[in-house]
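In what follows, a single structure is set out as structure tokens and then discussed.
If you're wondering where the values come from, they're calculated on a predicted model, not measured in any experiment. No hydrogens, no waters, no symmetry mates; every other heavy atom, side chains included, goes into these values.
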Amino acid sequence: MAALLCLHSTFPKVTVKPLAVLNKPKKLCIPFELKQGQARQFHQLPSGLNMEVIEQKSVKNKDPDKKMTEKSENPPLVFVHGSYHAAWCWAEHWLPFFSASGFDCYAISLLGQGESDAPAGTVAGSLQTHAGDVADFIEKNLCSPPVLLGHSFGGLIIQYYIAKIRNEQPPDTETPFRELAGAVLVCSVPPSGNSGLVWRYLFSKPIAAFKVTRSLAAKAFQTDLPLCKETFFSSAMGDPLVLRYQELMKKSSRMPLFDLRKLNASLPVPSVPKSSTEVLVVGAKDDFIVDAEGLNETGKFYGVLPVCVEGIAHDMMLDSSWEKGAAAILSWLENLSN
């Protein structure tokens, strides 16, 4: 903990550039209504593209004149989604929960997802560019080290971010990867990628392998409600709610997050044997996508014992028992702050 306290005190001062304010109202694509206390902003990246950010400040430090760059008692939380999702998936339950617990929260939509701008090309980016966009947001908008929370492929982006802190800081012309107060990998793709998961499913659960491939690669989850439910949610989730999230997911991804062939060729992520970043690896007992072996691989990579939450599925932050995962993470955050 002493290292973390020192980390906070030595976080370098930065020149702050506020989130972009658009001259004309942006026509929104995702039919998600923000909840009380939430605001949608757009962070302008060095490329000139705008990245959606849904923010919700700590209710314990509610001050309309408080800038996002002012320090609060707890580290800010920055949430990174996975494929077919966007910032809204955190804004539904977890942003209200963690802001009520004393944390300033920022959920970003990666490029080509949600309300963020889409880059030129056929895919939204690479592991490197997505991590760089997260780093740019942190560098220009936060004054203290945040905790990064990533779900599914968002967890893999955070793993790359952690590796960049330790192994390769960019030259002065590029955005630095600042130190973190911690990282939470939620049902994360493991460091070796998803190819190991696919092969295990092919040999041990061929029917499940077919369903996962059809659901995600062929995007059948967008039109098949039972398959969408099986892929992302627990059996206790009511169909009307699954249908609502299915519609949001349909509209959330205008282009693939990655070229998966190039992504897998770049993996595994670099090892971090001397990382000072504290990591929580949390998975779901009923996860249809990331199996127990994948969860254990990630835990072993960071030298931590993973937490597996019972009675919840892959979309832990949206599932009917979302409080279970949130409570496990909050307990870890409270110990992190002490």
Side-chain angles (χ1 to χ4, degrees), residues 14 17 19-20 26 29-30 41-54 78-90 106-142 146 148-180 183 185-186 188-195 216 252-272 275 277:
V14 297
K17 298 180 181 178
L19 292 175
K26 183 180 174 72
C29 305
I30 313 300
Q41 308 286 354
F42 292 90
H43 169 70
Q44 190 172 68
L45 296 165
S47 63
L49 297 175
N50 289 311
M51 187 167 69
E52 177 190 23
V53 181
I54 298 178
V78 178
F79 298 81
V80 184
H81 63 83
S83 295
Y84 305 116
H85 291 65
W88 64 265
C89 73
W90 305 106
Y106 307 93
I108 68 173
S109 289
L110 299 166
L111 289 182
Q113 322 299 309
E115 307 294 352
S116 293
D117 291 341
T122 57
V123 297
S126 64
L127 203 57
Q128 295 78 10
T129 62
H130 288 311
D133 292 343
V134 174
D136 189 77
F137 171 77
I138 292 171
E139 166 73 5
K140 295 176 180 174
N141 293 288
L142 304 180
L148 279 180
L149 299 91
H151 176 250
S152 198
F153 268 117
L156 193 63
I157 292 169
I158 290 176
Q159 292 174 50
Y160 182 81
Y161 185 110
I162 295 170
K164 288 285 283 187
I165 295 173
R166 293 292 94 197
N167 293 336
E168 183 187 346
Q169 283 292 343
D172 293 340
T173 55
E174 298 180 25
T175 302
F177 285 70
R178 297 297 185 188
E179 295 278 2
L180 301 174
L185 306 176
V186 183
S188 177
V189 172
S192 63
N194 65 352
S195 57
L216 300 177
S252 288
S253 183
R254 303 191 301 286
M255 53 177 32
L257 272 182
F258 307 102
D259 178 323
L260 289 179
R261 185 171 297 180
K262 290 181 179 178
L263 173 66
N264 286 327
S266 71
L267 296 173
V269 295
S271 62
V272 283
S275 174
T277 304

- Is there a donor-acceptor contact under 3.5 Å linking the side chains of H43 and D133?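 Side chains of H43 and D133: no pair found under 3.5 Å.
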- Message: Would you say S116 and E52 are linked by a side-chain donor-acceptor pair, where the criterion is simply a distance under 3.5 Å?
- Response: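 No - no donor-acceptor pair under 3.5 Å links their side chains.
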Looking only at atom types and distance, does a side-chain atom of [X] sit under 3.5 Å from a main-chain N or O of [Y], one as donor and one as acceptor?
X: R254; Y: G114; result: yes
X: Q159; Y: P268; result: no
X: S188; Y: P190; result: no

Taking all atoms of both residues into account, what is the closest heavy-atom pair of [X] and [Y], and its distance?
X: G112; Y: P119; result: N-CD, 4.1 Å
X: Q113; Y: M255; result: NE2-O, 3.0 Å
X: A135; Y: P176; result: CB-O, 3.7 Å
X: A107; Y: A87; result: O-CB, 3.4 Å
X: F153; Y: L257; result: CB-CD1, 4.3 Å
X: G82; Y: S152; result: CA-CB, 4.5 Å

Under a 4.5 Å cut-off applied to non-hydrogen side-chain atoms, are [X] and [Y] in contact?
X: I138; Y: Y106; result: no
X: I54; Y: F79; result: no
X: L142; Y: V78; result: yes
X: F42; Y: D117; result: no
X: H81; Y: S253; result: no

[atom1]-[atom2] distance between [X] and [Y], expressed to the nearest 0.5 angstrom:
X: T129; Y: L110; atom1: OG1; atom2: CG; value: 9.0 Å
X: I30; Y: C89; atom1: CD1; atom2: SG; value: 11.5 Å
X: L49; Y: L111; atom1: CG; atom2: CG; value: 5.5 Å
X: N194; Y: L156; atom1: CG; atom2: CG; value: 9.0 Å
X: I108; Y: I157; atom1: CD1; atom2: CD1; value: 7.5 Å
X: L127; Y: I158; atom1: CG; atom2: CD1; value: 11.0 Å

- Go through the structure and list residues passing side-chain hydrogen bond (donor to acceptor under 3.5 Å, both in side chains) with S83, not counting sequence neighbours.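 Partners of S83 under the side-chain hydrogen bond (donor to acceptor under 3.5 Å, both in side chains) test: none.
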- Query: Of the options V80, L45, V53, which is the one that meets F137 in a side-chain contact (heavy atoms from CB on, under 4.5 Å)?
  - Reply: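 Answer to the side-chain contact (heavy atoms from CB on, under 4.5 Å) test with F137 among V80, L45, V53: V53.
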- Task: Test L267 against V269 for side chain to side chain contact (heavy atoms under 4.5 Å, CB included), laying out the working first.
- Result: CA-CA 5 Å; L267 296 173; V269 295; 3.9 Å; yes
- Message: Determine whether H130 and Y160 satisfy the following criterion, ring pair (Phe, Tyr, Trp, His ring centres under 6.0 Å), listing intermediate values before the conclusion.
- Response: CA-CA 10 Å; H130 288 311; Y160 182 81; over 10 Å; no
